[in-house]
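Order of listing sets the numbers, starting from 1, for every ligand and every atom in it. Computation of the quantities below employed the complete heavy-atom set of this structure, encompassing side-chain atoms and omitting hydrogens, waters and symmetry-equivalent molecules.
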Amino acid sequence: MDHHATTPTDPRVVEAMEPFGNPSSRHHAFGWAARDAVEQARKQVSRLVGCDPREVIFTSGATESNNLAIKGCLTATGRPAHIVTVETEHRAVLDPCRRLEREGVKVTYVQPGDDGLVDVEAVEQALTTDTVLMTVMTANNEIGVLQPVVELGALARRRGVLFHTDATQAVGKVPFDAAELDFDLVLLSAHKCYGPKGVGALCVRRRRPKIAITPLIDGGGYERGLRSGTLNVPAIVGFGRAAEICCREMAADAQRTRALMDRLWHGLSDGLDGLRINGSMDRRLPHNLNVSVSGLDGETLLVGLDDVAVSSGAACTSANPEPSHVLSALGVSDQLARASIRFGLGRLNTPDEVDYVVENV
Ligand SMILES: *Cc1c(COP(=O)(O)O)cnc(C)c1O
């Protein structure tokens, strides 16, 4: 129940990857077969995103894509620069911004409302004549809220600012059309949509205008010079297959996970007092639920859930867990943030599993 962290690789994806895991069996023809397979995957990914295949740059995942997009377009400008972003972005956006700040770039972190949604006017007010880039995620990975990216894209276009969106949690889950967004830079990750780990893409607008970015990795000129290094063919083939399956099955998946989510929420709220949902209920991914349980401490909550994959509102990897920066930005107290659970349902979850989780909580 932690599909925002990662998704299981769909068996149909593994099947598509298998022939490419053993190149020697294909002798000299392998090079051609591999090249064709990569180009097919590029088409499959572009169809899911709604861009031209020539705009798709394969990377190692969303973290690399964010770094390439944010650092790459700041380096390419060569003038005093300013970035506008939001406090609830993923660390893969916030950390590159922080590094650029240490190098003299100015960054404004807009605070969202207590429903997690950013106000388009607040973003507009943050723009200055030095603003080069506006980066706002499409869907949040903790609270599932869907930011007003169509309006933000139009604002960026009107003000002559580049618009970048981390669409990792949205693409393949809810309808997404890069063309409608007026996008400049859009990215996604295979392992968040039932593909393999270690592969993703950055889509870079190539016409009206062509976006100039500086690569992070030089050496050989692969991927239109933006990402050198021999391509991970099996992973890219799997990514393409995963994208194709999402195109076809996204609507049905969303309908099913929404029904499971309703079952989960009704089960929890029938049995427990003091529950509150974090994030807007109107603009939200169908498979996300993030709840705080008042009067409980986070550790007690998770001990009872040790055989269920969920995330708490704190980073549990350290001895002294920090409350989630996303919940803090919404004004949730540290104590309540620690007593929060993020559920992310997925393609393979069943009603029985939901009932089991309700019982345990
Ligand atoms: C998972 C995630 C990332 C990081 O993706 P990787 O492919 O694992 O690097 C970045 N942004 C968001 C919104 C995510 O959910």
Side-chain angles (χ1 to χ4, degrees), residues 1-9 13 41 45 48-49 56-72 85-99 109 112 116-118 135-147 149 152 163-174 176 178 181 183 185-203 216-217 227 229 232 235-236 238-240 242-243 246 278-279 283-290 309-311 313 315 317 324-327 329 342-346:
M1 302 226 161
D2 201 12
H3 287 77
H4 297 297
T6 193
T7 55
T9 311
V13 168
V45 170
L48 183 63
V49 174
V56 175
I57 307 297
F58 288 119
T59 67
S60 67
T63 303
E64 184 189 331
S65 294
N66 272 312
N67 274 270
L68 175 57
I70 295 169
K71 294 174 181 168
T85 187
V86 181
E87 287 179 357
T88 46
E89 290 293 302
H90 193 274
R91 281 264 129 80
V93 167
L94 295 175
D95 289 352
C97 286
R98 296 226 166 87
R99 182 171 301 282
Y109 302 89
L117 294 171
V118 73
T135 170
V136 181
M137 70 202 321
T138 307
N140 187 277
N141 52 296
E142 290 191 32
I143 53 175
V145 299
L146 295 164
Q147 298 292 7
V149 284
L152 291 168
F163 180 48
H164 168 241
T165 187
D166 179 343
T168 308
Q169 294 287 345
V171 172
K173 310 292 170 46
V174 289
F176 183 90
L181 275 184
F183 88 106
L185 300 145
V186 171
L187 66 94
L188 67 160
S189 178
H191 79 99
K192 302 290 176 81
C193 52
Y194 305 94
K197 292 168 210 352
V199 63
L202 174 66
C203 307
L216 299 175
I217 301 170
R227 209 281 187 168
N232 183 347
I236 289 170
F239 186 13
C246 283
N278 296 306
R283 296 183 51 95
R284 192 184 193 97
L285 292 170
H287 57 291
N288 173 279
L289 182 69
N290 188 313
V310 289
S311 289
T317 45
S324 146
H325 73 283
V326 172
L327 296 180
R342 171 186 75 175
F343 298 96
L345 298 187

On a heavy-atom basis, the closest approach of Glu89 and Met137 is OE2-N, 2.7 Å
Quiz item: Would you find a donor on one side and an acceptor on the other, under 3.5 Å apart, between the side chain of Arg91 and the backbone of Thr63?
Solution: no
Under 4.0 Å from ligand 1, residues with heavy atoms, in chain and number order, are Gly61, Ala62, Thr63, His90, Met137, Asn141, Asp166, Thr168, Gln169, Ser189, His191, Lys192
For Arg99, does the CZ atom sit with more than 12 other heavy atoms under 6.0 Å from it, leaving out its own atoms?
no
Taken in chain and number order and not counting sequence neighbours, the residues that satisfy ring pair (Phe, Tyr, Trp, His ring centres under 6.0 Å) with His3 are none
Those residues at least two apart in sequence (or on a different chain) that pass salt bridge (Lys or Arg N to Asp or Glu O under 4.0 Å) with Arg283 are none
Sorted by chain and number, sequence neighbours left out, side chain to side chain donor-acceptor pair (under 3.5 Å) with Glu142 holds for Ser324
